Every structure is written in structure tokens, then in C-alpha cells.
Amino acid sequence: MEASAKRRRTMEELQPWRPWDATPNAALVNIFCRLPIKARFQILPLVCKSWADASRHSRCWASMIADSHYTSSSAFDDAFIKESYPYCSSFADPFDWHRNVDPCFGVHKLQALIDRAGGGTEVTSLYFFPFLTSTSGPPNDDALLRLIAQSCPNLRHLSFHGSYVATEGAVLEVIYRCRKLELIDFAGSPYFTPKVLKEVSACCPNLRGIRGHGILDPSIVSILSAGFPNLRILNLSHSTIVDKDLLDIVTKRTGLQYLDITNCPRLRMYMYIIKGALSQIAEIIYD
């Protein structure tokens, strides 16, 4: 007992207490990359020199998804698509809604964050709503999307949530250039269209999750049923999907692991469809 206590005291003497600013850079980076965007951008660089150096590491800027959705586990991937309510707090604005009427302001801010991420090659997750112009200013949706397309070739997770006025050309430019996309969130945007989906299916073979609300015409359902060989997560909450189309999806969409059909007012006989689909789809969310 005495020998063990003596060894413990000796080890403590050999490993004296170290201040936070002496923490190894790699350890700081590992912590900082899990902190909110706002903290990484506005607070960490002001604490001390070592924290400022660590906060500039490109790994800290690989994910620009809103604060509550960034974790290092697969739960992050699920939350990115599963959240069902597009107009509530699905993606908290990390900059406290302080957007600018100047369309260049958000573009420059996003460019600054991309520069910190090794020029964009290390960016894997992006939610660009916080960088949009405020409602009283001219839109900058296209400029942001073209910046993403040109700078982030390894992007895997992208949310269009909250963007309304981008041209189809700008949306497709992202699809054509970011071919490693795995998760796309179209919620709260008008870009969930047959043409865009068809191009996503052709250009992004690794896509495994889609979230889309609004009007679902038969051509969209046809693409969702037949395309996307690796699709595992499908969130169609707040959509106009009908019983026939739901049956088509659950019948043809083998490999689906998660399906959200909450708040779909045109569904009538869906309980019978769900009962039959539960044997092949692990998780079905409905109301």
C-alpha cells in the first residue's frame, strides 16, 4: 500500500500541473472542432496565442453546420436529415441572425471561413443560410453557391434550408462539382425539383440521405423510387405525398433505413402501408 502511494506521488511530481495555454496543439484542435461556429470564429482567437493558433487549424473548419448539429458521431448525420420542422429551430443561426443588407458581406464571411479550412478542400459539411443577405437587401444565394461549388470539392453534407431565390444553374453547379455529397437537405427551399434530383442521382453516387418538403409530383416520386442506389435516409415530412406514392417508395426502395412522413396531410391509408413496410425499414416516423 505504502509503495503504491509512493509511486503515485513520484508520478505526480514528474507530471506537474500545466496551464491551459500549454495544452498540446493537437488536443486543442480536437476540442475546438466540436465547439459552435461562433465560438470558433469570434472567441477562441482572442483567448491567447496558442488558442488562436489552434483555432486556425483547417480541421476546426471542416464542418460549418449549425451548432447543435455538429458532433463526431453518426448522430450528426441522422440529425442533419431527420429534423422534421423546417421553420422552427432545426438549424440555429450561429451568427444570431445578424446578417447584412450588403450581399458581399455574407460571401466574404463564408470565404474567410473557407480560407481557414485549407482553402475549402477540407470542408465536409455546410449550411449556408447564416451567410445569406438579410431580407431587406439584394439576394446573394447564387454567389454563395458558386463559391461553395468552386471551393469545396470534398463536400459531403449540404443544407439548402432557408435559401429561396438561387437560380437552377447555381444549384446544379454545386451538384456537378461536389460529387462526394452524401446528405442533402432541401427543406425550406424550392430546389426539390425533378431536374435537380435527376442530376443529383446521376452525379452523386454516394448520396445516402435526402430531406425534402413541399409539393411532390409523380416525377419526383419516380426518381426517389428508382434512383439513388445507396439511399438510406428519406425525410418527406411536410410534403404532399399521397398513399399511392408512399406505397411506390416503400415497395421499390430497398435498403431504406429511415423514413419520416410526419405532417403529410394527403396521406389517408398510410397506416396499412407502414404496417407492411416495418419489416424492411428499421425506423418510420409518422403522426
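What you are looking at is a predicted structure, and each value in this text was computed from that prediction instead of being measured.
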Subject >> Considering all heavy atoms, the nearest Ser239-Leu236 contact >> reply: OG-O, 2.7 Å

Original post:
Are any of the side-chain heavy atoms of Thr193 and Phe186 separated by less than 4.5 Å?
Top reply: no

Subject >> Reported CG-to-CG distance for the pair Leu224 and Leu234, which is rounded to 0.5 angstrom >> reply: 5.5 Å

**OP:** Check whether any side-chain N or O of Asp217 sits under 3.5 Å from a backbone N or O of Ile220 as a donor-acceptor pair, and report yes or no.
**Re:** yes

Original post:
Could you give all pairs that pass the side-chain hydrogen bond (donor to acceptor under 3.5 Å, both in side chains) test and reach residues 266-280, with sequence neighbours left out?
Top reply: none

Original post:
Is there side-chain contact between Val123 and Leu113, with at least one heavy-atom pair below 4.5 Å?
Top reply: no

Original post:
What's the shortest heavy-atom distance between Pro139 and Pro103, and which atoms?
Top reply: O-CB, 4.2 Å

**OP:** Look only at the side chain of Ser201 and the backbone of Lys198, and say whether a donor-acceptor pair between them is shorter than 3.5 Å.
**Re:** no

**OP:** For residues Phe228 and Arg253, report the shortest heavy-atom separation together with the two atoms involved.
**Re:** O-NH2, 2.6 Å

Original post:
Step by step, would you call Leu28 with Leu44 a side chain to side chain contact (heavy atoms under 4.5 Å, CB included)?
Top reply: CA-CA 10 Å; Leu28 290 174; Leu44 297 179; over 6 Å; no

**OP:** With sequence neighbours excluded, tell me which residues meet salt bridge (Lys or Arg N to Asp or Glu O under 4.0 Å) with Glu168.
**Re:** Lys195

Original post:
Quick one: are Val107 and Phe131 in side-chain contact, heavy atoms under 4.5 Å?
Top reply: no

Subject >> Common cluster, Met269/Leu278, ILVMFWY with side-chain heavy-atom separation under 4.5 Å >> reply: no

Subject >> Considering all heavy atoms, the nearest Gly120-Pro153 contact >> reply: O-CD, 4.3 Å

Subject >> Shortest non-hydrogen separation from Cys203 to Tyr176 and the atoms involved >> reply: SG-CD2, 3.6 Å

Original post:
For the atom pair OG1 (Thr167) and CG (Leu172), what is the distance rounded to the nearest 0.5 Å?
Top reply: 8.5 Å

Original post:
Taking all non-hydrogen atoms of both residues, which atom of Asp53 and which atom of Arg56 are closest, and how far apart?
Top reply: OD1-NH2, 2.5 Å

Original post:
Under 30°, 30 to 60°, or over 60°: which ring-plane class applies to Tyr191 and Phe160, parallel, tilted or perpendicular?
Top reply: perpendicular

Original post:
Between the side chains of Asp141 and Ser163, is a donor N or O closer than 3.5 angstrom to an acceptor N or O?
Top reply: yes

Original post:
Parallel, tilted or perpendicular for His161 and Phe129, by the 30°/60° rule?
Top reply: perpendicular

**OP:** Give a yes-or-no answer on whether the side chains of Asp248 and Ser225 include a donor-acceptor pair shorter than 3.5 Å.
**Re:** yes

Original post:
Side chains of Leu155 and Leu126: closer than 4.5 Å at any heavy-atom pair?
Top reply: yes

**OP:** Drop me the distance from Leu231's CG to Tyr258's OH, to the nearest 0.5 angstrom.
**Re:** 13.0 Å

Original post:
Do Tyr164 and Val101 share a hydrophobic cluster (ILVMFWY, side-chain heavy atoms under 4.5 Å, transitive)?
Top reply: no

Subject >> Distance (rounded to the nearest 0.5 Å) between Ser151 OG and Asp115 CG >> reply: 8.0 Å

Original post:
Does one hydrophobic cluster hold both Leu259 and Val242, with members joined at side-chain heavy-atom distances below 4.5 Å?
Top reply: no

**OP:** Tell me, please, which residues at least two apart from Glu173 pass salt bridge (Lys or Arg N to Asp or Glu O under 4.0 Å).
**Re:** Arg146, Arg177

Subject >> Point-to-point distance, once rounded to the nearest 0.5 Å, from CD1 of Ile285 to CD1 of Ile261 >> reply: 9.5 Å

Original post:
Do Val196 and Ile215 share a hydrophobic cluster, counting only Ile, Leu, Val, Met, Phe, Trp and Tyr and linking them when any side-chain heavy atoms are less than 4.5 Å apart?
Top reply: no

Original post:
Please walk me through it: do Ile273 and Val250 pass side chain to side chain contact (heavy atoms under 4.5 Å, CB included)?
Top reply: CA-CA 8 Å; Ile273 300 172; Val250 300; 3.7 Å; yes

**OP:** Measure from the side-chain N and O atoms of Asn154 to the backbone N and O of Arg156, and report whether any donor-acceptor pair falls under 3.5 Å.
**Re:** no

Original post:
Is any side-chain heavy atom of Cys204 closer than 4.5 Å to a side-chain heavy atom of Lys180?
Top reply: no

Subject >> Interatomic spacing from CG in Leu183 to CZ in Arg211 - rounded to 0.5 Å >> reply: 12.0 Å

Original post:
Are Phe105 and Val165 in one and the same hydrophobic cluster, where Ile, Leu, Val, Met, Phe, Trp and Tyr link if side-chain heavy atoms are under 4.5 Å apart?
Top reply: no

Original post:
Could you go step by step and tell me if Tyr286 and Met271 meet the side chain to side chain contact (heavy atoms under 4.5 Å, CB included) rule?
Top reply: CA-CA 9 Å; Tyr286 57 94; Met271 287 303 300; 3.6 Å; yes

Original post:
Regarding Asn140 and Thr133, is there a side-chain donor-to-acceptor distance under 3.5 Å anywhere?
Top reply: yes

**OP:** For side chain to side chain contact (heavy atoms under 4.5 Å, CB included), just list the numbers for Leu46 and Trp51, CA-CA rounded to whole Å, side-chain angles, deciding distance to a tenth of an Å, and then say yes or no.
**Re:** CA-CA 8 Å; Leu46 304 179; Trp51 283 36; over 6 Å; no

Original post:
Are the side chain of Asn230 and the backbone of Asn206 linked by a donor-acceptor contact shorter than 3.5 Å?
Top reply: no

Subject >> Note, Ile175 side chain near Ile184 side chain (heavy atom, < 4.5 Å) >> reply: yes

